[in-house]
Every structure is written in structure tokens, then in C-alpha cells.
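The next block holds one structure in the form of C-alpha cells; read it before the comments.
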Amino acid sequence: MCGRFNVIDDPFTQDLLEQLEVKARLDTQYNIAPTEDIQVVMQEDGANRLRHMRWWLIPSWVKEPGTKYSMFNARAETLEQSPAFRGPFKHQRCIIPASSFIEWKSENGHKHPYSIRPSDQAFAFAGLWDHWGHGAERIYSCSMITTDAVQAFQTIHNRQPVMLPRDAFDQWLNPDIEGDELIHLLRPTLPCALEVLEIDPAINNSRHKKQIKPTGEPFQIWV
DNA sequence: CCAGACGTTGTT
DNA sequence: GTCTGG
DNA sequence: CCAGACGTTGTT
DNA sequence: GTCTGG
């Protein structure tokens with residue numbers, strides 16, 4: 001799954017936004033936790049744009065926004081049945097740009113945080129968005145889609161975020177395409193080789209918003 | 001018909 | 001144990 | 001995802 | 001909003 005990630009305004013994220021034809025730059029944000037405000041790429045009036053959204057999807061039909069249900073991740077396997085996600089999956093898909101994400105590997109009852117990142121590009125995570133409320137009060141929110149981890153990643157965790165390859169960006173963001181035509185994009189794959197690095201457990205505290213130092217040697221995984 | 005749920009992960 | 005906040 | 005709270009009365 | 005359970 002993915003419950004924490006980092007965004008850095010660097011050449012990799014700048015290149016990603018350029019690929020998406022978004023003329024903007026990202027704010028650097030370390031150790032982003034669910035419910036926080038993030039920047040997401042979505043299509044509006046035929047053009048891609050960056051928009052601030054809350055990382056915790058609020059269905060448009062709930063009476064009051066809340067956190068009773070876990071809405072920051074959406075399982076790819078059940079998207080089409082889910083009352084909360086199937087609507088957004090049809091026409092409200094987005095890309096969540098990220099520089100790296102964090103997973104906790106569980107070993108004999110203890111958890112160790114790891115940072116995962118591509119060596120020479122930024123991630124484009126597959127997401128869904130929705131809005132709640134009207135006018136100036138309107139809240140945009142989003143969720144990150146997860147799927148089974150590829151074999152090579154399962155030593156760290158059994159779930160992974162869906163990482164879109166560049167040739168899928170256009171289809172994924174196009175609201176004229178129905179989600180069910182794109183379900184094949186949600187299978188477990190890696191867009192490139194990934195560097196995995198054990199990091200300081202200081203990351204555990206979501207109030208810690210600075211860059212985290214590594215505690216081990218990086219290793220690479222690839223399919 | 002109305003009421004109530006609507007979610008994920010990990011662990012046992 | 002379970003909920004809230006980040 | 002993890003961390004931290006989880007309560008009341010009275011006084012400033 | 002839409003589905004399931006009673």
C-alpha cells in the first residue's frame with residue numbers, strides 16, 4: 001500500500017510535469033501523510049492542470065466529511081464494485097506526482113521504514129478524485145490506487161501503489177474514456193528499476209517534515 | 001418499503 | 001482497544 | 001501510514 | 001448516489 005510519500009521540486013518532477021503539459025512546479029513536501037493537502041494532476045476542460053487536493057477521498061454524497069473509513073488508498077481489485085470509488089473511477093482519474101514513497105517492512109514484530117524511488121525519474125501514481133460541497137466551499141480530494149506488489153517488491157511489502165508508465169498518462173487522465181477500459185493499467189508492474197533504502201524511523205512521526213537520512217545501503221529491484 | 005453502509009492493511 | 005490528527 | 005490521546009474541575 | 005439486508 002502506500003501511506004506516506006515525498007515530493008521534491010527537482011529535475012525529475014519538473015520533467016514529469018512537462019510530459020503532462022502542466023506549466024507549473026510542485027511544492028517540496030517531505031513525509032506527506034493521509035489527510036494532508038497535496039498537488040495532483042487532473043484534466044479539466046480538455047487540459048491537464050495541477051490542483052490542490054486532500055489526500056483522503058470524500059465522496060460527493062456523504063453528509064459530512066470525515067475519516068471514519070480509510071479512503072487514502074483504493075484497492076484496484078475492487079474499484080468497480082466500491083460505492084465510494086467506482087463513480088470517480090469512471091471519469092475522475094488523476095495522477096499523483098511523487099519523488100519517493102515509504103513502506104514499513106514487518107520483521108518478527110518490528111517494523112522498519114524503507115524509502116522507494118526510481119533512480120532517474122519521478123513517480124506518476126494512479127489516483128482518483130472527487131469533490132464535496134459547492135461553490136467556494138468545494139473540497140477536492142483524492143485517493144491513491146494500490147495493487148498487489150510485483151514479486152521483486154514482496155520482500156518489502158505485499159501491496160504497492162499503481163505506478164503509471166508515460167505511455168498511459170493520456171488515457172488515464174482522459175475523462176471521455178470509461179475506467180473499465182483502463183483496468184489493465186492497474187496490474188502489478190514497475191515502470192522502471194527502483195532503489196530501495198532503509199531509512200531513519202524518525203519518518204514514523206508524520207509531524208517530522210524534514211528530509212530523512214538513510215540507515216542502510218541502497219539496493220535495486222527490477223522485474 | 002426503509003435503514004445502513006460506503007475503506008484499507010495486517011495479523012491471527 | 002480504538003479513535004483522531006498529521 | 002504511525003503517533004498520541006484516551007478526563008474532570010477549578011483557577012488564571 | 002447506490003447497493004444490500006431485513
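The sequence lines fix the lettering, A, B, ..., with proteins before strands; numbering per chain opens at 1.
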message: When the C1' atoms of B:dT11 and E:dG1 are compared, how many Å lie between them, rounded to an integer?
response: 34 Å
field: Touch class at under 4.0 angstrom, heavy-atom based, for A:N31 against every strand present
entry: nothing
- request: Grab the two heavy atoms, one from A:I96 and one from A:F5, that are nearest each other, plus how far apart they are.
  value: CG2-CZ, 4.0 Å
- request: Examine the base of C:dG6 for any acceptor or donor lying under 3.5 Å from a partner atom in the side chain of A:T35, and report the outcome as yes or no.
  value: yes
query: Between A:N205 and D:dA3, does any side-chain N or O lie under 4.0 Å from OP1 or OP2?
result: no
- prompt: Rounded to whole angstroms, how far apart are CD1 on A:I156 and P on D:dC1?
  reply: 16 Å
statement: Testing E:dT2, B:dT11, C:dG6 for proximity to the side chain of A:R86, the answer is E:dT2
query: Quick check: does any side chain N or O of A:D200 sit under 3.5 Å from a backbone N or O of A:I212, one acting as donor and the other as acceptor?
result: no
query: Same cluster or not: are A:L197 and A:M163 linked, directly or through other Ile, Leu, Val, Met, Phe, Trp or Tyr residues, by side-chain heavy atoms under 4.5 angstrom apart?
result: no
message: Which residues in residues 57-78 of chain A have a heavy atom closer than 4.0 Å to any atom of DNA chain D?
response: A:F72
- request: Report the nucleotide, chosen from E:dC3, B:dC6, C:dG6, that has the shortest atom-to-atom distance to any side-chain atom of A:P34.
  value: C:dG6
field: Candidates B:dG7, E:dC3, C:dG6 - which lies nearest the side chain of A:R207
entry: C:dG6
message: Rounded to whole Å, please give me the gap between CD1 in A:I203 and C1' in D:dA3.
response: 14 Å
query: Taking NZ, NE, NH1 and NH2 as the nitrogens, is one of them in A:R117 or A:E195 under 4.0 Å from a carboxylate oxygen of the other?
result: yes
query: With respect to the side chain of A:A84, which nucleotide from B:dT9, B:dC6, C:dG6 is positioned closest?
result: B:dC6
message: When the P atoms of B:dC6 and D:dG4 are compared, how many Å lie between them, rounded to an integer?
response: 30 Å
- prompt: Taking atom types as modelled and ignoring hydrogens, do the side chains of A:H52 and A:D37 form a donor-acceptor contact shorter than 3.5 angstrom?
  reply: yes
- request: Measure from CZ on A:F85 to C1' on E:dG1 and round the result to the nearest Å.
  value: 15 Å
task: Figure out the CG/P separation between A:L79 and B:dT8, and round it to whole Å.
output: 8 Å
- line: Taken to the nearest whole Å, CZ/A:R159 to C1'/B:dG7 is 12 Å
task: Provide the distance between the two P atoms, one in B:dA5 and one in C:dT4, to the nearest whole Å.
output: 15 Å
- line: Taken to the nearest whole Å, CD/A:Q160 to P/B:dT8 is 16 Å
- line: Atom CD of A:Q29 and atom P of C:dG6 are separated, to the nearest Å, by 15 Å
task: Starting from C1' on B:dG7, measure out to CD on A:E80 and report it in whole angstrom.
output: 17 Å
message: Which helical stems does DNA chain D take part in, if a stem means at least 3 consecutive Watson-Crick or G-U pairs with both distances below 3.5 Å?
response: C:1-6 with D:1-6
